[in-house]
Each structure stands twice: as C-alpha cells, then as structure tokens.
Amino acid sequence: MLFRTARNVSRMIGIARTLARHDALFPLEELGFAPFAVWVARRMSRRRTGGRPGERLAKALEELGPSFIKLGQMLSTRPDLLGEQVAADLASLQDHLPPFDSAQARKIIADEMGAPLETLFSEFDDEPVAAASIAQVHFAVTTEGEEVAVKVLRPNIEAAFARDLDLLYWIAGLIHRLRPDFRRLKPIEVVRTFAESVQLEMDFRMEAAAASELGENFAGDPTFRVPRVDWQRTGRRMLTLERIRGIPVDEREALIEAGHDPTTILSHAAAAFFNQVFRDGFFHADQHPGNAFIDEEGTIVAVDFGIMGRLDYKTRLYLADMLMGFLSRDYDKVADVHFNAGFVPPHKSRAAFSQALRAIAEPIFDKPLHEVSIARLLGLLFQITERFEMETQPQLLLLQKTMLVTEGVGRKLNKDENMWSLARPLIEDWMRRHRSPPARALEAIRTVTETVERMPTILANLEQGLERLTRPREDVRIDHHAALWPVWIAIGMLAVAIFALAL
C-alpha cells in the first residue's frame with residue numbers, strides 16, 4: 001500500500017508538471033486535489049501553450065500518452081465535470097499516434113494466429129493506413145483473394161493502460177474519501193466504466209462480436225451495414241474485417257459529385273441512429289466522420305466497433321418519454337419522467353426542476369428547427385445535476401457524446417435539416433408501440449411473469465437468510481415458528497403486488 005501511494009504520488013507530480021507546461025492545471029485546482037503536486041508543478045514548469053483551457057488540456061493529454069487521450073475523450077462526455085466549452089474542446093482530441101514498426105505488427109499477427117503471416121495473407125501492406133492510441137490498421141489480401149483491413153494491437157499497450165488505470169482508481173478513491181460533495185458524480189464508478197471500456201477495446205474478439213451483433217441487427221437493411229468479420233483471422237490482438245471502399249460521410253461535395261443526395265443520407269443516418277438506440281439498445285458510440293463511409297449504392301457503412309453503448313429497456317423508455325416531452329415543450333412531463341425514474345431525489349421540488357428545464361430548453365427550441373441540438377440540451381441538463389442532486393448515469397453520458405458527434409455530421413450533410421425532425425415519426429411510432437395502454441398492460445404482464453419465475457430463487461434466498469438468523473446458539477432459545485413471520489410477510493406483499501399488476 002505504501003509503495004503504491006509513493007508511486008502514484010510521484011506520477012501525479014509528473015502529470016501535474018505536464019499539465020502546468022500547458023497551463024492546464026485547472027481540473028486539479030478546481031477539485032482541490034493533490035495541492036502539493038500542483039504547487040510543485042506550477043513552480044517547476046514554464047507555461048508555453050495558448051488557446052482556450054480545453055484546448056490546452058487536450059494538448060497536455062496528448063503529450064501524456066494513450067491512456068490519457070482515451071481519458072480525455074471520455075471526459076468530453078462530462079460537461080457536468082469540466083463545463084460545456086472544455087468538454088467540447090476535448091471532443092476534438094485527436095487519437096493519432098506515430099505508427100509502430102510493421103515488423104512488430106507481423107510478429108503480433110503470427111504469434112496471435114500461431115502461424116506465419118504468409119499462410120494467412122498473400123499481400124500485407126507494411127505501411128499502416130491509420131495509427132491510434134490502441135492499435136493501427138493495415139490493408140491486406142487473404143490467401144483466398146479477399147481484400148481486408150487488419151487491426152493490430154500496439155505492443156505492450158496492456159501494461160501501460162494497467163499502470164494508468166491503477167493511478168486513476170487511486171485518485172478516484174481519494175476524491176471519494178476527501179470530497180464528499182463529489183460523490184454524487186460517482187468518481188470510482190466513472191473510472192470503472194472507463195476501465196471496462198478500455199479493456200473491452202483492447203480485446204479485438206469483443207470488437208468482432210460487437211461488429212457481428214450490430215450487423216445482425218441491420219441484416220436486410222439497404223441503408224446501413226457493417227463489414228463482414230473474418231473470424232478465422234481474428235484474435236485477442238488482431239481483428240480482420242472486410243475492406244470498405246467509400247466516401248467519408250462528412251465529405252458533402254464528394255458525395256454530391258458521386259451522385260448521392262446528402263439529405264437522403266442524413267435521413268438514413270437519423271433512422272440508423274434511432275434504431276440502434278431505441279429499437280436495439282445497442283449503439284455505435286464512436287461515430288465520428290472517420291468511422292462511417294458511403295459506398296457506391298449509397299449505403300452507410302460503419303467501421304471501428306471498439307466503443308459501443310448499451311441501454312436497457314427501462315432507460316430507453318425514459319429517453320423516449322424525455323425526448324417527446326422536450327420536443328413538445330412539456331417541461332412538467334419531462335420533470336415527471338426524471339422523478340419517476342429516480343434520477344432526481346423525491347425531496348426536491350418538481351416545480352423548480354420543471355422551471356430549470358424550461359430555462360435550459362427554451363433558448364434552444366427558440367432557434368430555427370435546423371439549429372436545435374438535442375445533444376446540447378442533454379449536456380445542459382447534466383450541468384444542473386448538482387443543484388438537484390441528480391446521480392450521474394454513465395450510459396447516458398456516452399449516448400450524449402455520440403449524439404453530439406452525430407448531430408455535427410448531420411449539419412455537414414445538410415445544415416438546413418434537423419436529424420431529430422427526420423427521426424420524429426420513428427420516435428412517435430416507437431412510443432405508440434411501447435407506451436400505449438396495451439403496451440403498458442403487456443409490460444405489466446411481463447413483470448408479473450418474471451416475478452413468478454424468480455419466486456423459487458427469492459424463497460430460497462429468504463430461507464437461507466432465515467436459517468442464518470435463527471441458527472440456535474447455546475445461550476439463546478428461538479421460537480422457529482414465530483421466526484417465520486418475515487417470510488410470510490414477504491410472500492403476502494409479493495402476492496398483493498402480483499394481484500395489483502394483474503388488474
């Protein structure tokens with residue numbers, strides 16, 4: 001423990017010095033964290049960077065390396081932590097690093113597949129087409145003659161991330177103990193979410209599975225597709241996908257020259273995003289312009305599935321209710337949605353929360369329709385979390401970042417159209433099918449069925465707990481029949497609940 005503390009304090013001083021060189025110590029200063037390290041760093045480093053605070057922080061994180069680039073990208077989803085402008089600046093953080101030697105890439109592939117590279121590919125381009133913090137991509141041709149893109153993990157990247165994650169957990173633990181006012185932001189859970197995301201991203205079998213699942217969800221859809229996974233040439237440290245040829249989705253002029261209609265593409269993109277979020281609850285969470293192309297048929301083709309988001313059914317209902325409430329400017333309804341979901345504590349004023357919602361939404365909805373940004377609205381919503389003690393919802397933060405990027409791409413395709421107005425018929429149809437009285441009745445029946453199916457487990461757990469509580473001791477006599485009253489009360493309450501739902 002002492003060694004870990006000493007190691008992390010030493011690293012914190014080094015990190016603080018890097019931040020100080022870029023005049024980007026403000027996150028540590030605002031947290032009141034590691035004041036000694038901040039004091040030392042400010043006096044030992046010369047500031048050399050201009051620009052906005054978020055731009056300076058982005059440059060510092062790029063210098064700190066892969067883990068901090070990823071951390072900065074995650075923080076871009078947290079305007080409640082750093083402010084809207086800083087979060088927006090971090091959203092443009094470039095995940096580009098110098099490529100590693102192709103000989104290392106060839107060795108990683110051979111070790112992963114347990115076979116010489118030449119037995120897998122008849123051609124392999126030594127010059128990578130992209131190099132990022134976790135991996136780089138090479139074009140190749142399989143021995144069967146199929147053109148593919150091969151993603152190869154950076155050497156030793158797992159150890160580097162493990163060291164940095166240990167530091168982040170240590171920092172989050174200190175913040176949790178020393179700053180109770182920040183506990184509502186769930187610092188440890190935020191780091192855990194980040195760690196899980198990075199660990200999944202470094203296992204390319206998981207990315208292949210994500211690509212396969214997303215592809216199955218859109219099977220038969222002529223407007224959106226996913227490259228085919230070559231499972232025989234995919235492992236933990238390498239991923240092989242069908243090579244895609246197309247025009248980046250944000251290159252409007254090139255798309256028009258190729259005969260594509262940008263408004264049609266925007267409509268397809270809005271539908272694809274809606275279906276991922278609401279229909280499937282599984283969405284591409286890194287949908288920047290470099291990860292989406294338009295092929296010759298006008299189909300949107302997505303790539304890079306390292307960061308994916310999931311939303312359970314209840315969260316999707318909350319989102320749909322909230323979105324429709326905002327679009328209809330019914331702020332009392334939006335407030336009810338938040339209280340009913342338990343995101344705002346019941347002791348807070350619904351009227352005051354509704355007023356706060358109106359204050360952030362009206363300036364946005366007062367703009368021309370094509371300038372309305374639901375992603376910006378969510379960002380502002382997260383900013384009022386402290387006043388109303390709203391708990392952070394990491395899955396919604398990831399969605400908000402994705403929405404922000406998607407809206408940006410939409411504006412490049414057609415600045416006079418709004419993707420949410422294009423998707424509104426889909427939202428309303430989904431609401432009719434999932435929020436109508438018959439749909440609510442079916443949901444109640446499903447809840448009853450699930451409860452009944454869990455009854456044996458519930459009763460077994462009650463019995464085990466009762467057995468521990470009533471285990472005889474030499475100095476105590478227990479009336480076992482009387483001790484059964486918690487079980488009968490639990491069963492009675494459960495029966496009443498099931499009967500009420502059935503009505």
Side-chain angles (χ1 to χ4, degrees), residues 1-20 22 24-42 53 57-58 60-61 63-83 86-87 90 93 133-134 157-203 307 309 342-343 345 382-383 385-386 389-398 400-401:
M1 178 64 73
L2 186 60
F3 173 75
R4 182 193 183 204
T5 299
R7 181 188 65 214
N8 285 328
V9 167
S10 175
R11 289 208 65 214
M12 272 304 306
I13 292 174
I15 291 168
R17 288 193 63 186
T18 300
L19 293 173
H22 293 273
L25 280 167
F26 62 91
L28 297 181
E29 291 171 334
E30 291 176 6
L31 283 172
F33 180 75
F36 175 72
V38 171
W39 182 86
V40 170
R42 193 168 285 288
L57 180 58
L61 294 175
E63 183 178 325
L64 287 168
S67 303
F68 293 90
I69 291 173
K70 288 294 180 187
L71 177 63
Q73 291 175 330
M74 188 208 71
L75 288 174
S76 71
T77 70
R78 298 300 304 270
D80 57 321
L81 284 178
L82 299 175
V86 173
L90 290 179
L93 191 63
S133 56
I134 284 180
I157 193 67
E158 298 108 322
F161 267 99
R163 183 182 66 248
D164 292 335
L165 286 172
D166 180 70
L167 171 66
L168 293 176
Y169 273 120
W170 179 76
I171 293 172
L174 286 180
I175 292 173
H176 183 81
R177 290 195 299 273
L178 302 178
R179 293 296 304 270
D181 51 321
F182 279 96
R183 288 177 185 172
R184 66 179 183 81
L185 298 175
K186 303 179 181 178
I188 296 175
E189 184 176 327
V190 168
V191 175
R192 185 180 299 115
T193 300
F194 174 61
E196 291 171 353
S197 173
V198 167
Q199 287 161 359
L200 288 175
E201 199 172 351
M202 288 192 296
D203 186 341
I307 305 176
F343 291 167
F382 297 148
Q383 284 187 28
T385 57
E386 183 174 6
E389 300 177 17
M390 288 174 59
E391 290 195 352
T392 298
Q393 304 295 322
Q395 74 278 21
L396 296 183
L397 295 169
L398 186 60
Q400 190 261 342
K401 176 194 173 186

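Since we're looking at a predicted model, the values are computed, not measured.
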If I compare all heavy atoms of [X] with all of [Y], which pair ends up nearest, and what's the gap?
X	Y	result
Gly72	Leu61	CA-CD1, 3.6 Å
Ile157	Ser133	CD1-O, 3.5 Å
Ala60	Thr18	O-CG2, 3.9 Å

Just how far is it from atom [atom1] of [X] to atom [atom2] of [Y], taken to the nearest 0.5 Å?
X	Y	atom1	atom2	answer
Ile134	Glu201	CD1	CD	3.5 Å
Glu63	Ile69	CD	CD1	11.0 Å
His22	Leu64	NE2	CG	7.5 Å
Ser67	Leu167	OG	CG	9.5 Å
Leu57	Leu19	CG	CG	6.5 Å
Phe194	Gln199	CZ	CD	10.0 Å

**OP:** List for me each residue that meets ring-ring contact (aromatic ring centres under 6.0 Å, His included) alongside Tyr169, sequence neighbours excluded, and say none if there are none.
**Re:** none
**OP:** For Asp203, check side chain to side chain donor-acceptor pair (under 3.5 Å) against everything at least two apart and list the hits.
**Re:** Arg205
Subject >> Heavy-atom check, side chain of Asp164 versus side chain of Leu71, under 4.5 Å >> reply: no
**OP:** Check side chain to side chain contact (heavy atoms under 4.5 Å, CB included) between Glu196 and all other residues, then give those that pass, not counting sequence neighbours.
**Re:** Arg192
Subject >> With sequence neighbours excluded, residues passing side chain to side chain contact (heavy atoms under 4.5 Å, CB included) with Leu200 >> reply: Met206
Subject >> Ile175 and Ile188: CA distance, side-chain angles, deciding distance, side-chain contact (heavy atoms from CB on, under 4.5 Å) verdict >> reply: CA-CA 9 Å; Ile175 292 173; Ile188 296 175; over 6 Å; no
Subject >> Test log, rule side-chain contact (heavy atoms from CB on, under 4.5 Å), inputs Phe68 and Ile15 >> reply: CA-CA 10 Å; Phe68 293 90; Ile15 291 168; 3.6 Å; yes
